[in-house]
A.B. asks: 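Below is one structure. I have some questions about it.
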Amino acid sequence: MIDPRGPRFAAGVTTVVLAVVLITGSTWLLGVQAVIFALGASLGPGASPYGLVFARFIRPRLRTPKEPEESAPPRFAQAVGLVFSLAGLAGYVTGVTVLAYVAVGAALAAAFLNAAFGFCLGCEIYLAYRRIVSVRINKTPEVNS
C-alpha cells in the first residue's frame with residue numbers, strides 16, 4: 001500500500017519534465033525520464049527518484065493518507081509511461097519527430113491529468129484490464145473430468 005499523493009507528486013514533476021522535452025526536443029532529458037519510468041515500473045513508485053523525493057521531503061510534512069492504495073496500478077502506469085517515452089525517443093533519434101511529439105504529448109497529457117485532477121489514466125487502464133480478466137475467469141465453464 002502506498003500514499004496516493006506520492007504518484008500525484010511524481011506526475012506533477014513528470015508533467016514539467018515532459019513539457020520541457022516538448023519545448024526543447026531534448027533527447028537526453030527524455031532518456032532520463034524513461035529511466036525514471038523504468039525504475040517506477042520495476043521497483044515500484046516509491047523507489048523511483050520522484051518517489052524518494054516525496055518520501056524524504058514532502059511525506060513527513062503531511063498527515064497520514066485517508067486511504068492508501070495498491071501499488072500495482074501506479075506501477076502499470078509507470079510502465080505505460082516508459083513505453084510512450086521510448087516511442088518518443090525512437091521518434092527523436094530516427095528523425096520521425098511526429099512520432100516523438102505524439103508519444104511525448106500523450107505521456108504529458110496523462111501525467112497532467114494525474115497531477116491536476118488526480119485521474120491516473122494508466123491506473124484506470126490497469127483496473128479495467130483486471131476487471132475484464134476477472135469476468136472472463138469467472139465465466140469460464142468448468143470442465144468435467
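Since this is a predicted model, take the numbers as computed values, not measurements.
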A.B. asks: My understanding is that only residues two or more places apart in sequence, or in another chain, count here; which of them pass salt bridge (charged side-chain N to carboxylate O under 4.0 Å, His left out) with Arg5?
C.D. replies: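 Arg5 satisfies salt bridge (charged side-chain N to carboxylate O under 4.0 Å, His left out) with Asp3 once adjacent residues are dropped.
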
A.B. asks: If hydrophobic clusters are built from ILVMFWY residues whose side chains come within less than 4.5 Å, do Phe54 and Leu39 share one?
C.D. replies: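 No: no chain of side-chain contacts under 4.5 Å links Phe54 to Leu39.
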
A.B. asks: Do you reckon Leu22 sits in the same ILVMFWY cluster as Phe84, going by side-chain contacts under 4.5 Å, direct or chained?
C.D. replies: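 Different clusters: Leu22 never reaches Phe84 through Ile, Leu, Val, Met, Phe, Trp or Tyr contacts under 4.5 Å.
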
A.B. asks: With sequence neighbours left out, which residue pairs that include part of residues 56-81 fulfil the ring pair (Phe, Tyr, Trp, His ring centres under 6.0 Å) condition?
C.D. replies: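 Non-adjacent pairs meeting ring pair (Phe, Tyr, Trp, His ring centres under 6.0 Å): Phe76-Tyr126.
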
A.B. asks: With sequence neighbours excluded, give me every disulfide (SG to SG under 2.5 Å) pair touching residues 60-131.
C.D. replies: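 Sorted pair list: Cys120-Cys123.
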
A.B. asks: Checking the side chain of Arg75 only, and the main-chain atoms of Pro45 only, is there a donor and an acceptor separated by less than 3.5 Å?
C.D. replies: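 Not confirmed, Arg75 side chain does not pair with Pro45 backbone.
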
A.B. asks: Would a distance-only check, ignoring hydrogens and angles, find a side-chain to backbone donor-acceptor pair under 3.5 Å from Thr15 to Phe112?
C.D. replies: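 Indeed, once roles are kept as given, a pair shorter than 3.5 Å links the two residues.
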
A.B. asks: Within the structure provided, determine whether Pro4 and Lys66 are in side-chain contact (heavy-atom separation under 4.5 Å).
C.D. replies: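 Pro4 vs Lys66: side chains apart.
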
A.B. asks: Short question: side chain of Thr97, backbone of Ala100 - any donor-acceptor pair under 3.5 Å?
C.D. replies: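 Such a contact is absent between Thr97 side chain and Ala100 backbone.
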
A.B. asks: Would you say Ile125 ends up clustered with Leu127 if hydrophobic residues are merged whenever their side chains have heavy atoms under 4.5 Å apart, either directly or through other cluster members?
C.D. replies: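 In one cluster with Leu127: Ile125, yes.
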
A.B. asks: What's the separation between atom OG1 in Thr27 and atom OH in Tyr92, rounded to the nearest 0.5 Å?
C.D. replies: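 Output value for this atom pair is 9.0 Å.
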
A.B. asks: Considering only heavy atoms from C-beta outward, does the side chain of Leu30 approach that of Leu18 to under 4.5 Å?
C.D. replies: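 Leu30 vs Leu18: side chains touch.
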
A.B. asks: Near Phe119 CZ, under 6.0 Å, is it more than 12 heavy atoms from other residues, nucleotides or ligands?
C.D. replies: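 Count over threshold, so yes.
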
A.B. asks: For residues Glu70 and Met1, determine if any side-chain heavy atom of one lies less than 4.5 Å from a side-chain heavy atom of the other.
C.D. replies: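 Result yes, sub-4.5 Å side-chain heavy-atom pair found.
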
A.B. asks: Linking Ile, Leu, Val, Met, Phe, Trp and Tyr by side-chain heavy atoms under 4.5 Å, what else ends up with Val83?
C.D. replies: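 Members besides Val83: none; it forms no cluster.
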
A.B. asks: Nearest 0.5 angstrom please: Trp28 CH2 to Gln33 CD, how far?
C.D. replies: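 So the gap between those two atoms works out to 11.5 Å.
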
A.B. asks: Considering only heavy atoms from C-beta outward, does the side chain of Glu69 approach that of Pro74 to under 4.5 Å?
C.D. replies: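 Touching, per the 4.5 Å side-chain cut-off.
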
A.B. asks: When hydrophobic residues are tied together by side-chain contacts of less than 4.5 Å, even through go-betweens, does Leu86 share a cluster with Val35?
C.D. replies: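 No, because Leu86 and Val35 fall into different hydrophobic clusters, even though each may have its own neighbours under 4.5 Å.
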
A.B. asks: Side-chain heavy atoms nearer than 4.5 Å, only ILVMFWY residues, links allowed to pass through others: does that put Leu89 and Leu108 together?
C.D. replies: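 Yes, because Leu89 and Leu108 connect within a single hydrophobic cluster, where side-chain heavy atoms sit under 4.5 Å apart.
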
A.B. asks: If you compare all heavy atoms of Arg59 against all heavy atoms of Pro65, which two are closest, and at what distance to 0.1 Å?
C.D. replies: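 Taking Arg59 first and Pro65 second, the nearest heavy atoms are NH2-CD, 3.3 Å.
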
A.B. asks: Report yes or no: does Ser134 contribute a side-chain atom to a donor-acceptor pair with the main-chain N or O of Arg130 at less than 3.5 Å?
C.D. replies: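 Not confirmed, Ser134 side chain does not pair with Arg130 backbone.
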
A.B. asks: Mind checking whether Ile2 and Pro7 have side chains closer than 4.5 Å, heavy atoms only?
C.D. replies: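 Sidechains of Pro7 and Ile2: in contact.
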
A.B. asks: Nearest 0.5 Å, what's the OG1-CG distance between Thr14 and Asn114?
C.D. replies: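 Separation between the atoms: 9.0 Å.
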
A.B. asks: Share the residues that join Val98 in a hydrophobic cluster, the rule being Ile, Leu, Val, Met, Phe, Trp or Tyr side chains under 4.5 Å apart at the heavy-atom level.
C.D. replies: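 Taking Ile, Leu, Val, Met, Phe, Trp and Tyr as members, Val98 shares its hydrophobic cluster with Val102.
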
A.B. asks: Determine whether Val20 and Ser26 make a side-chain contact, defined as any pair of heavy atoms from C-beta on separated by less than 4.5 Å.
C.D. replies: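 No, their side chains stay 4.5 Å or more apart.
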
A.B. asks: Apart from Leu52 itself, what residues make up its hydrophobic cluster when side-chain heavy atoms of I, L, V, M, F, W and Y under 4.5 Å apart count as a link, directly or indirectly?
C.D. replies: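 So far as hydrophobic clustering goes, Leu52 is joined with none.
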
